[in-house]
Amino acid sequence: MELNKINEYTWEIPKTGDMKVPALIYTSARLLESVRRDMTLKQARNVACLRGIQRRSYVMPDAHQGYGFPIGGVAAFDMDEGIISPGGVGYDINCGVRLLRTDYTEKDIHERRTQLLAGIFREVPAGVGKGGITRLSRNVLLEVCANGAEWAVENGYGTREDLQRTEESGRMKGADPSHLSPRAVERGIPQLGTLGAGNHFLEIQKVSEIYDEHVSRVFGIQSVGQVLVMIHCGSRGLGHQVASDYIRLMENKFGTRGLPDRELINAPIRSQLGQQYYKCMSAAVNYAFANRQMIAHWVRDVFAKVMGSSEGMNQVYDVCHNVAKFERHRIDGKDKEVCIHRKGATRSFGPGREEIPEVYRSVGQPVIIPGSMGTASYILVGTSEAEELSFGSTAHGAGRVMSRHEALRRFRGEQIKKEMESRGIELKSTSWKGVAEEASQAYKDVDEVVNVSHKAGIGKLAAKVTPVGVMKG
Amino acid sequence: MVEKYRFLRHTADAKFQAFGTTLEEAFINAALATASLMWDLEKIEKKIEHRVEVKGKDLKQLLMGFLEEIIYLLDSKMFLLSSPENLRIGKKGSLYVLKALLKGDKYSEKYEIHGDVKAITYNEMEIEQNARFMVQVVVDV
């Protein structure tokens with residue numbers, strides 16, 4: 001495909017054929033090689049053909065092929081002319097990351113880190129088939145979906161301060177769980193408070209480098225060696241079911257003719273079905289917020305038991321990776337509400353935006369970018385430039401380069417564990433095969449991904465963290 | 001032995017082709033391929049049965065609905081599929097209808113689940129009839 005190089009970190013797919021706008025790719029020459037190998041660019045072009053799309057179809061530095069929209073795709077649509085698409089959000093609605101800080105240093109926990117990891121492994125249900133908390137009633141589940149992390153805090157999981165430091169304050173107000181299908185509810189009931197499997201993980205980490213001292217300090221990150229805890233999971237089967245339900249409902253109602261890919265199925269934002277999807281998606285977002293809120297609470301409990309105290313274990317932030325929202329952005333010089341889809345992308349609002357908690361409003365929002373298993377993760381800060389460049393969005397992780405099947409053929413879980421242990425990283429998992437599938441070699445180089453984000457200006461580096469103990473779902 | 005299914009290269013998700021001398025057999029093998037991403041099929045005992053009935057306005061929607069049953073039954077009933085039996089595909093008016101008996105067991109500690117299939121997708125889905133039937137599916141993992 002013909003690409004115009006705009007600068008060292010930005011490429012453009014010019015507007016041709018049915019495209020309503022050009023597509024912009026934030027990447028580097030090196031990352032572009034792997035992006036060119038799959039269908040990412042074609043999918044970015046398909047998104048640019050959708051009704052009501054604003055400015056550009058954007059592709060983040062960690063992008064890879066998705067279904068319909070690429071993973072790492074960002075697109076905003078006009079509220080009246082535009083569409084909302086389950087494929088533009090993804091199946092794991094509000095897959096996201098929560099970061100807790102601690103007052104402990106790596107030295108403090110060194111002797112007891114095996115105990116810490118074992119304790120977390122015991123308290124946080126993980127892997128497929130593992131039930132969550134004692135069986136919930138349908139009504140309680142609907143309450144969770146209506147109130148998100150607020151429900152969790154009201155029921156003794158964590159503090160109100162956590163809510164302030166969560167995207168959307170832990171609750172999408174547009175949620176209406178009464179539209180959830182019986183199947184979505186049935187899948188949601190046994191899984192609340194579970195980490196899940198696949199690429200989901202929980203890590204005890206240490207700060208290994210600080211790039212921006214001021215910003216890091218505002219986020220509660222003061223020194224190299226400080227211990228942090230990162231939780232990566234989403235809305236589990238409930239969210240997956242919402243996506244599947246609405247893909248089917250939308251294709252039955254609107255048909256798929258004229259769509260280059262059936263997974264691009266969508267509905268006008270103002271249509272009844274479009275509104276219903278938004279309400280159910282928001283319910284799934286809330287379920288995921290509650291999920292991470294509960295897991296964070298159990299992690300604090302384990303630290304309190306093993307280390308004697310969980311004081312100072314404040315939440316840095318909690319971000320969504322897969323979501324559609326109504327946000328205001330400047331478009332053609334005018335302030336305008338749009339329906340933004342971030343699929344495998346993190347919001348990265350700069351200083352001043354009212355959506356950011358007051359404590360961070362002077363510096364920009366924390367952007368948490370998890371690496372792959374055993375590699376570094378990064379804390380970035382949102383920028384005002386990002387609002388112009390990518391509707392305030394940046395990367396969300398490393399992004400795969402190798403299929404799970406290929407990874408299974410090439411790697412052995414036991415070997416990976418040994419290799420990580422030799423680097424001082426402990427690993428616990430429910431499955432060796434699962435470990436092999438998540439081998440870090442199957443992912444893009446996260447260092448390069450965040451470097452592109454920093455250089456392109458869509459999210460600036462604040463700190464680098466590396467794992468000490470990894471629990472893989 | 002005739003190849004039942006085969007996994008293909010895909011960056012992030014799992015992509016497979018499943019084969020059969022009949023459409024029904026290809027659908028059964030697609031179910032086995034899907035389940036094989038989560039557990040070892042040979043290790044699952046056949047102790048429990050779930051009867052499923054799925055409708056679709058075309059064969060692709062029918063296939064998606066059928067494969068979704070596997071993950072729905074896992075999440076809601078902790079059911080691990082060993083094999084689909086008595087699978088029949090027919091037509092009722094303008095709709096395709098699939099009926100099958102899913103045999104398997106309830107999850108317990110003796111089983112290892114090594115992967116998570118989040119959803120079945122239409123991405124690159126194909127249903128072809130040449131010398132044999134072939135269905136191609138990408139699942140979100």
Side-chain angles (χ1 to χ4, degrees), chain A residues 34 37-40 64-68 71 87 90-92 127-131 183 185-191 196-200 234 236-241 243-244 247-248 251-252 256 261-263 265 399-406 408 413 430-437 473, chain B residues 5-16 33 35-40 54-58 60-62 64-65 67-69 71-80 95 105-126 137-141:
Chain A
S34 72
R37 272 200 294 269
D38 65 20
M39 281 161 64
T40 313
H64 60 77
Q65 171 181 345
Y67 13 84
I71 312 290
Y91 286 97
D92 196 359
V128 185
K130 290 281 160 55
R183 285 199 160 199
V185 173
E186 263 184 87
R187 290 175 70 177
I189 285 173
Q191 294 185 331
N199 59 345
H200 294 148
R236 311 284 283 106
L238 181 137
H240 310 162
Q241 187 68 43
S244 297
I247 286 170
R248 177 172 285 240
E251 67 169 5
N252 286 349
T256 49
D261 180 338
R262 203 160 165 169
E263 292 272 330
I265 190 71
R400 285 193 86 95
V401 288
M402 187 193 294
S403 74
R404 283 158 208 275
H405 202 69
E406 179 70 18
L408 261 183
T430 52
S431 158
W432 288 121
K433 274 192 173 180
V435 169
E437 287 184 356
Chain B
Y5 53 83
R6 171 198 306 165
F7 283 89
L8 305 167
R9 276 183 74 89
H10 192 285
T11 324
D13 296 315
K15 176 176 172 181
F16 62 78
S36 78
L37 288 164
M38 298 182 276
W39 51 80
D40 288 336
V54 181
K55 295 189 179 74
K57 63 172 188 169
D58 55 28
K60 286 185 177 177
Q61 201 180 58
L62 189 75
M64 178 182 269
L67 298 179
E68 277 175 351
E69 291 296 315
I71 35 184
Y72 162 70
L73 288 169
L74 169 68
D75 279 358
S76 58
K77 315 263 193 273
M78 290 167 84
F79 172 74
L80 310 183
L95 288 178
D105 200 0
K106 190 172 172 165
Y107 173 83
S108 66
E109 295 292 333
K110 67 180 172 186
Y111 295 125
E112 179 188 331
I113 301 189
H114 57 79
D116 189 10
V117 175
K118 291 176 184 164
I120 314 301
T121 80
Y122 281 126
N123 191 227
E124 298 184 65
M125 186 185 277
E126 282 171 35
V137 184
V138 173
V139 301
D140 185 12
V141 289

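Naming: A, B, ... by sequence-line order, numbering from 1 per chain. For the numbers below, each heavy atom of this structure counts, side chains included, while hydrogens, waters and symmetry mates do not.
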task = To the nearest 0.5 angstrom, please state how far the CE atom of B:Met64 sits from the CZ atom of A:Arg248.
result = 8.0 Å

inquiry  = Does A:Gln65 form a side chain to side chain contact (heavy atoms under 4.5 Å, CB included) with B:Val138? I'd like the steps, not just the answer.
reply    = CA-CA 12 Å; A:Gln65 171 181 345; B:Val138 173; over 6 Å; no

inquiry  = If I compare all heavy atoms of A:Gly68 with all of B:Asn123, which pair ends up nearest, and what's the gap?
reply    = N-ND2, 4.4 Å

Heavy-atom closest contact (B:Lys118 atom, A:Asn199 atom, distance) = NZ-OD1, 3.8 Å

query = Please walk me through it: do A:Glu251 and B:Tyr122 pass side chain to side chain contact (heavy atoms under 4.5 Å, CB included)?
reply = CA-CA 11 Å; A:Glu251 67 169 5; B:Tyr122 281 126; 2.4 Å; yes

key: Atom group of B:Leu80 that falls short of 4.5 Å from chain A, counting heavy atoms   = neither

inquiry  = How long is the straight-line distance from CD1 of A:Ile247 back to OG1 of B:Thr121, given to the nearest 0.5 Å?
reply    = 8.0 Å

query = How many angstroms lie between CD1 in B:Ile71 and CD in A:Gln241, if you round to the nearest 0.5 Å?
reply = 8.0 Å

remark   = Exactly one candidate in A:His240, A:Arg187, A:Glu186 meets side-chain hydrogen bond (donor to acceptor under 3.5 Å, both in side chains) with B:Tyr72; the answer is A:Glu186

query = What residue in B:Glu112, B:Lys57, B:Gln61 has the most heavy-atom pairs under 4.5 Å with chain A?
reply = B:Gln61

key: Selection from A:Arg183, A:His200, A:Glu406 maximising heavy-atom pairs under 4.5 Å formed with chain B   = A:Arg183

ask   = Between OG of A:Ser244 and CD1 of B:Ile120, what distance do you get to the nearest 0.5 Å?
value = 8.0 Å

remark   = Heavy atoms of A:Glu437 and B:Gly115 approach each other most closely as OE1-CA, 4.4 Å

request  = Using a cut-off of under 4.5 Å on heavy-atom pairs, state which of A:Glu263, A:Arg262, A:Arg37, A:Lys433 scores highest against chain B.
outcome  = A:Arg262

ask   = At what distance, to the nearest 0.5 angstrom, does CZ of A:Arg236 lie from CG of B:Asp116?
value = 6.0 Å

query = What are the two closest heavy atoms between A:Gly237 and B:Asp75, and how far apart are they?
reply = CA-OD2, 3.3 Å

note = Okay, B:Lys106 and chain A: the region with an atom under 4.5 Å from a heavy atom over there is neither

